[in-house]
Amino acid sequence: MPGENTITSMTVGGRSFLTCNGHIFPLPGYVAQEPVPTLTEWAMILLAALLAGGAALHLQRRRRIA
């Protein structure tokens, strides 16, 4: 049986607190990670098409001038 001042459970990995004898203590200096915004599949397709179209226009204008 654990003593009165013994940590009975401790959760550190990925958590911002630890529990000891039913009390919750925040861990100092812990900063929760924010999710990284990502593009959906359709947004990537649209971005690639826009980049390809911009490159094609740039090459076409460049050929007309020279």
Side-chain angles (χ1 to χ4, degrees):
M1 179 159 227
E4 192 174 319
N5 294 324
T6 304
I7 296 175
T8 55
S9 70
M10 184 170 171
T11 308
V12 177
R15 305 282 185 192
S16 62
F17 60 89
L18 82 94
T19 57
C20 177
N21 295 331
H23 299 286
I24 299 174
F25 298 98
L27 294 175
Y30 178 82
V31 177
Q33 295 180 355
E34 295 183 19
V36 177
T38 58
L39 292 176
T40 64
E41 183 179 356
W42 285 107
M44 289 289 277
I45 293 168
L46 180 62
L47 179 61
L50 287 172
L51 286 172
L57 284 175
H58 179 70
L59 288 174
Q60 188 178 21
R61 287 183 183 179
R62 194 169 160 193
R63 287 184 187 159
R64 285 185 188 168
I65 294 171

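Everything numeric in this text was worked out from a predicted model, so none of it was measured.
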Report summary line: Cluster membership besides Met44, Ile/Leu/Val/Met/Phe/Trp/Tyr side chains within less than 4.5 angstrom, sorted by chain and number, is Leu39, Leu47, Leu51
Report summary line: Students should find that the hydrophobic cluster of Leu46, defined by side-chain heavy atoms under 4.5 Å apart, otherwise consists of Leu50
**Report entry** Side-chain hydrophobic cluster, 4.5 Å single linkage: members besides Ile45
**Finding:** Trp42
